[in-house]
Peer 1: 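Let me give you the structure first, and then I'll get to my questions.
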Amino acid sequence: MRNPSSNPFDLSAYPLKSARELSVSERHSVESDDERHLRCAVKRGHGRPQSHTVKGGAACVAVGILANILVGMTPGTELVSSAHAQAVPKSLEQGGADAELRQRRNAWTVGVVGGILSGTYMTFADELAQVLNDGDNLRIIPMVSNGAASNLDDLLYLRGVDVVMTQSDVFEYFRTQRKTPNLENRIHYIIRLPVSEMHVLAGTDIKSIEDLRGKKVNFGPAGSASSLTGTIVFQRLGVRVEQVMMDNATALQKLKSGELAALLRIIGKPINFLEQIPANSGLHLLPIPFSKTFTDHYTLAEFTSQEYPTLVPQGETIDTIAVPAVLAVFNWPKDTDRYRRVQKFTEALFMNWDKFSEPQRHPKWRDVNLAATVPGWTRWGFAAEMLRRTQQKDPRISELWSFLNHQGNAVMNLTQEQREALFHEFLKWQKQHNSVPRQ
């Protein structure tokens, strides 16, 4: 008899037998009580065993090889299926009647609308779910939308929406232009989110916003932040352009081909959409001058070469404007199911706030001041209560807020460097304030 090759896949040492030469025991694979995957099936028809063969019995030979391996195992060796080796999430193991499962799955869900899939607001919504989800006790359902402008519409009228990301100027537009009835009482906010910067991407032949006059500019999909805020900004600057509204990926291709002169995005920096543009692409970010016409809802901002190294020259900055974002909520009546859901969401948000500053989270979370207010908006009652509890636990927050109250509205228009300088001033003020003897 030939010696088996050292190659476990060498079948030459295992001469094939015909189906008739195989005994009944050989035609059965080796099976344990738990594992029945290896089987050379035997059918019994009219009292005669019949084996299923695959072209000359190769399948059964392969089973024979595996059988020899199994027989050679030590008594303590186990062959465990990959399915049994892994732990199935408990939420999927739980069974019960359909009505019970439906009730359990829907009891504490909160619909949070972010924005366009590639945008910062959608990242925020996703990270809210990552941090706050707690099985059936609380489940955040992030929702993709047309953008910050249409999100307020969704909060007002779309079923299943409890919380949305939107902007302060969107609220003002709905209040003054659309004249949405009783808006101030229907829509409140939980916290003020970081500002969203206005990105205007154009070819190098376009040097300023004024150069876009009469040219085609993409304002993003209808309902996006840029479709509303961008329109307001260009109107205030007095620059009339040919407005186009298409998705950002298509707009970028048309910008590269010269069919568009520029595209807009109102979004928290930095974003992958712009970070991925290669060097020497012939594109750059346009500066937007800040003036008194923007002091009501907007603030001064800038882009650096660290944030967009392929779009901003090394060591330089580009001025732009930004708009404060808001985590908005519908003001449901107390003791209603929807109120209790958002109440639980808000409590979890404040209780877990430190987790949003972890390195793996979007860096914009670290710009949030929980005590910051939004002009023209009302903070939701329970959110105000949670803020009060947080300030009681950490007095520095209330002290910082007291300090900012002494600075006036000018704080809103500071650059990042100016804010850092102001923070150092706060530390000095705090030290002096704490050194005063208490009466």
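Side chains included, hydrogens not; waters and symmetry mates left out as well; all remaining heavy atoms used. Index from 1, following the sequence.
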Peer 1: For P181, is there any backbone N or O sitting under 3.5 Å from a side-chain donor or acceptor partner on R186?
Peer 2: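 Side chain of R186 to backbone of P181, a donor-acceptor pair under 3.5 Å: yes, one is there.
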Peer 1: Between the side chain of R213 and the main-chain N/O of G238, is any donor-acceptor distance below 3.5 Å?
Peer 2: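 Side chain of R213 to backbone of G238: a pair is present.
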Peer 1: Between the main-chain N or O of V342 and the side-chain N or O of T346, is there a donor-acceptor pair closer than 3.5 Å?
Peer 2: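 Yes, the answer is positive, given that a donor and an acceptor are paired below the 3.5 Å cut-off.
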Peer 1: Can any side-chain N or O of N133 pair as donor or acceptor with the backbone N or O of I140 at less than 3.5 Å?
Peer 2: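 Yes, because the side chain of N133 sits within donor-acceptor range (under 3.5 Å) of the backbone of I140.
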Peer 1: If you measure from CD on Q167 to CD1 on I232, what distance do you get to the nearest 0.5 Å?
Peer 2: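 Answer rounded to 0.5 Å: 9.5 Å.
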Peer 1: Take the angle between the ring planes of F382 and W380 and call it parallel below 30°, perpendicular above 60°, tilted in between.
Peer 2: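 Perpendicular.
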Peer 1: Of L263, T231, T229, V244, which is the lone residue that meets side-chain contact (heavy atoms from CB on, under 4.5 Å) with F219?
Peer 2: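 So, applying the side-chain contact (heavy atoms from CB on, under 4.5 Å) to F219 and each of L263, T231, T229, V244, only T231 qualifies.
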Peer 1: Would you sort out whether D153 and R178 count as a salt bridge (Lys or Arg N to Asp or Glu O under 4.0 Å), showing the intermediate values?
Peer 2: CA-CA 11 Å; D153 248 345; R178 274 189 43 168; 3.0 Å; yes
Peer 1: Would you check if the side chain of K215 reaches a backbone N or O of A262 as a donor-acceptor pair within less than 3.5 Å?
Peer 2: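 Such a contact is absent between K215 side chain and A262 backbone.
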Peer 1: Does any non-hydrogen side-chain atom of S281 lie less than 4.5 Å from one of K256?
Peer 2: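 No, side chains not in contact.
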Peer 1: Between the side chains of Q130 and R361, is a donor N or O closer than 3.5 angstrom to an acceptor N or O?
Peer 2: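 Q130 vs R361: donor-acceptor pair found between side chains.
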Peer 1: Tell me whether the guanidinium CZ or amine NZ of R389 lies under 6.0 angstrom from the six-membered ring centre of F350 and within 45° of its axis.
Peer 2: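 No; the conditions do not both hold, so R389 does not lie above the ring face of F350.
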Peer 1: With a 4.5 Å cut-off on side-chain heavy atoms, are Y298 and T293 touching?
Peer 2: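 Of all side-chain heavy-atom pairs linking Y298 with T293, none is under 4.5 Å.
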Peer 1: Not counting sequence neighbours, which residues clear side-chain hydrogen bond (donor to acceptor under 3.5 Å, both in side chains) with N272? List them please.
Peer 2: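 Scan of N272 (side-chain hydrogen bond (donor to acceptor under 3.5 Å, both in side chains), adjacent residues dropped) gives none.
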Peer 1: Distance check, rounded to the nearest 0.5 Å: E197 atom CD versus T320 atom OG1?
Peer 2: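 Atom-to-atom, E197:CD and T320:OG1 are 7.5 Å apart.
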Peer 1: Looking only at side-chain N and O atoms, does S196 offer a donor or acceptor that is under 3.5 Å from a partner on Y121?
Peer 2: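 Per modelled atom types, Y121 and S196 side chains form a pair under 3.5 Å.
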Peer 1: What I'd like to find out is whether the side chain of T123 reaches to under 4.5 Å of the side chain of D126, using heavy atoms alone.
Peer 2: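 No, their side chains stay 4.5 Å or more apart.
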Peer 1: Inspect the surroundings of NZ in K216 and state if more than 12 heavy atoms from other residues, nucleotides or ligands are less than 6.0 Å away.
Peer 2: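 Not buried by this count: 12 neighbours or fewer within 6.0 Å.
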Peer 1: Taking atom CE of M351 as the centre, report whether more than 12 heavy atoms of other residues, nucleotides or ligands fall under 6.0 Å from it.
Peer 2: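 Counting other residues, nucleotides and ligands, CE of M351 stays at 12 neighbours or fewer.
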Peer 1: First locate atom CD1 of I321, then atom CD1 of I288, and finally report the distance between them rounded to the nearest 0.5 Å.
Peer 2: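 Rounded to the nearest 0.5 Å, the CD1-CD1 separation comes out at 5.5 Å.
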Peer 1: Please report the shortest heavy-atom distance between A328 and I187, naming the atom on each side.
Peer 2: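 Smallest interatomic distance, heavy atoms only, reads CB-CG2, 4.2 Å.
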Peer 1: Assess whether salt bridge (Lys or Arg N to Asp or Glu O under 4.0 Å) is satisfied between E172 and R175, documenting all intermediate values.
Peer 2: CA-CA 5 Å; E172 189 64 15; R175 187 180 71 84; 2.6 Å; yes
Peer 1: Is the number of heavy atoms from other residues, nucleotides or ligands within 6.0 Å of CZ (R379) greater than 12?
Peer 2: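 Buried by this count: over 12 neighbours within 6.0 Å.
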Peer 1: Are the side chain of T180 and the backbone of L183 linked by a donor-acceptor contact shorter than 3.5 Å?
Peer 2: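 Side chain of T180 to backbone of L183: no pair is present.
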Peer 1: Test N146 against I116 for side chain to side chain contact (heavy atoms under 4.5 Å, CB included), laying out the working first.
Peer 2: CA-CA 6 Å; N146 292 327; I116 297 172; 6.0 Å; no
Peer 1: Side chains of M245 and P221, heavy atoms from C-beta outward: is any pair under 4.5 Å?
Peer 2: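 No, side chains not in contact.
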Peer 1: What's the spacing between D211 CG and D205 CG if we round to 0.5 Å?
Peer 2: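 It comes to 8.0 Å.
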Peer 1: Do the side chain of H284 and the main chain of I206 share a donor and acceptor less than 3.5 angstrom apart?
Peer 2: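 Between the backbone of I206 and the side chain of H284 there is a qualifying donor-acceptor contact (under 3.5 Å).
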Peer 1: Charged N to carboxylate O under 4.0 angstrom, K355 versus E358?
Peer 2: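 No.
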Peer 1: Looking only at side chains, do T166 and N151 share a donor and an acceptor under 3.5 Å apart?
Peer 2: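 There is no such pair (donor and acceptor under 3.5 Å, judged by atom type) between the side chains of T166 and N151.
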Peer 1: What I want to find out is whether D162 reaches R338 closely enough, with some N-O distance under 4.0 Å, to be called a salt bridge.
Peer 2: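 Salt bridge flag = yes for R338 with D162.
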Peer 1: Going through the checks in order, is the salt bridge (Lys or Arg N to Asp or Glu O under 4.0 Å) test met by D296 and R236?
Peer 2: CA-CA 12 Å; D296 52 352; R236 293 189 181 189; 2.9 Å; yes
Peer 1: Using side chain to side chain contact (heavy atoms under 4.5 Å, CB included), reason through Y189 and T378 one step at a time and then give a plain yes or no.
Peer 2: CA-CA 6 Å; Y189 76 99; T378 301; 5.7 Å; no
Peer 1: What pair of heavy atoms forms the shortest contact from T299 to F290, and how long is it?
Peer 2: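 Looks like C-CE1, 3.6 Å.
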Peer 1: Taking the side chain as everything from C-beta on, heavy atoms only, tell me whether L349 gets closer than 4.5 Å to N352.
Peer 2: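 No - every pair of side-chain heavy atoms lies 4.5 Å or more apart.
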Peer 1: So how far is it from S145 OG to L158 CG, rounded to the nearest 0.5 Å?
Peer 2: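 Answer rounded to 0.5 Å: 10.0 Å.
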Peer 1: Closer than 4.0 angstrom, basic N to acidic O: yes or no for D367 and R192?
Peer 2: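 R192 and D367: not salt-bridged.
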Peer 1: Relative to each other, are the rings of W365 and W353 parallel, tilted or perpendicular (30° and 60° limits)?
Peer 2: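 Taking W353 first and then W365, their aromatic rings stand perpendicular (interplane angle over 60°).
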Peer 1: Take atom CD of Q314 as the centre, draw a 6.0 Å sphere, and report whether it contains more than 12 heavy atoms from other residues, nucleotides or ligands.
Peer 2: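 No, because the 6.0 Å sphere around CD of Q314 holds 12 heavy atoms or fewer from other groups.
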Peer 1: Hydrogens and angles aside, do E259 and S257 bring a side-chain donor and acceptor to less than 3.5 Å of each other?
Peer 2: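 E259 vs S257: donor-acceptor pair found between side chains.
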Peer 1: Report yes or no: does K344 contribute a side-chain atom to a donor-acceptor pair with the main-chain N or O of N137 at less than 3.5 Å?
Peer 2: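 Yes, K344 side chain to N137 backbone: donor-acceptor pair under 3.5 Å.
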Peer 1: Say you draw a straight line from CE of M246 to CG of N248; how long is it, rounded to the nearest 0.5 Å?
Peer 2: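 Between M246 CE and N248 CG, I get 10.5 Å after rounding to 0.5 Å.
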Peer 1: Could you check whether any side-chain N or O of S226 sits under 3.5 Å from a backbone N or O of I266, counting only pairs where one atom can act as donor and the other as acceptor?
Peer 2: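 Such a contact is absent between S226 side chain and I266 backbone.
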Peer 1: Could you label the plane-to-plane angle of the H199 and Y308 rings as parallel, tilted or perpendicular, counting under 30° as parallel and over 60° as perpendicular?
Peer 2: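 Answer is perpendicular, since the angle exceeds 60°.
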Peer 1: Is it true that atom CG of D337 has more than 12 heavy atoms of other residues, nucleotides or ligands lying nearer than 6.0 Å?
Peer 2: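 For D337, atom CG is crowded (more than 12 foreign heavy atoms under 6.0 Å).
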Peer 1: Could you give me the CA-CA distance, side-chain angles and deciding distance for W108 and F345, then say whether ring-ring contact (aromatic ring centres under 6.0 Å, His included) is met?
Peer 2: CA-CA 9 Å; W108 293 108; F345 164 84; over 10 Å; no
Peer 1: Side chain of T120, backbone of G268: donor and acceptor closer than 3.5 Å?
Peer 2: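 Between the backbone of G268 and the side chain of T120 there is a qualifying donor-acceptor contact (under 3.5 Å).
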Peer 1: Taking all heavy atoms of K269 and all of E307, pick out the closest pair and write down the distance.
Peer 2: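 Shortest heavy-atom contact: NZ-OE2, 2.9 Å.
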Peer 1: Would you call L201 and L255 a side-chain contact if the rule is heavy atoms closer than 4.5 Å?
Peer 2: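 They are in side-chain contact.
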Peer 1: W332 vs F330 aromatic rings, parallel, tilted or perpendicular, using cut-offs 30° and 60°?
Peer 2: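 Aromatic pair W332/F330 classed tilted.
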Peer 1: Hey, could you give me each pair passing ring-ring contact (aromatic ring centres under 6.0 Å, His included) that has a residue in residues 142-176? Not counting sequence neighbours.
Peer 2: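 Of all non-adjacent pairs touching residues 142-176, those that pass ring-ring contact (aromatic ring centres under 6.0 Å, His included) are F171-W377.
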Peer 1: For F356 and V131: C-alpha separation, side-chain torsions, deciding distance, then whether side chain to side chain contact (heavy atoms under 4.5 Å, CB included) applies.
Peer 2: CA-CA 8 Å; F356 290 96; V131 173; 3.8 Å; yes
Peer 1: Is there side-chain contact between K364 and F124, with at least one heavy-atom pair below 4.5 Å?
Peer 2: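 They are in side-chain contact.
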Peer 1: Going by heavy atoms in the side chains, are L264 and N218 under 4.5 Å from each other?
Peer 2: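 Side chain of L264 against side chain of N218, heavy atoms only: no contact under 4.5 Å found.
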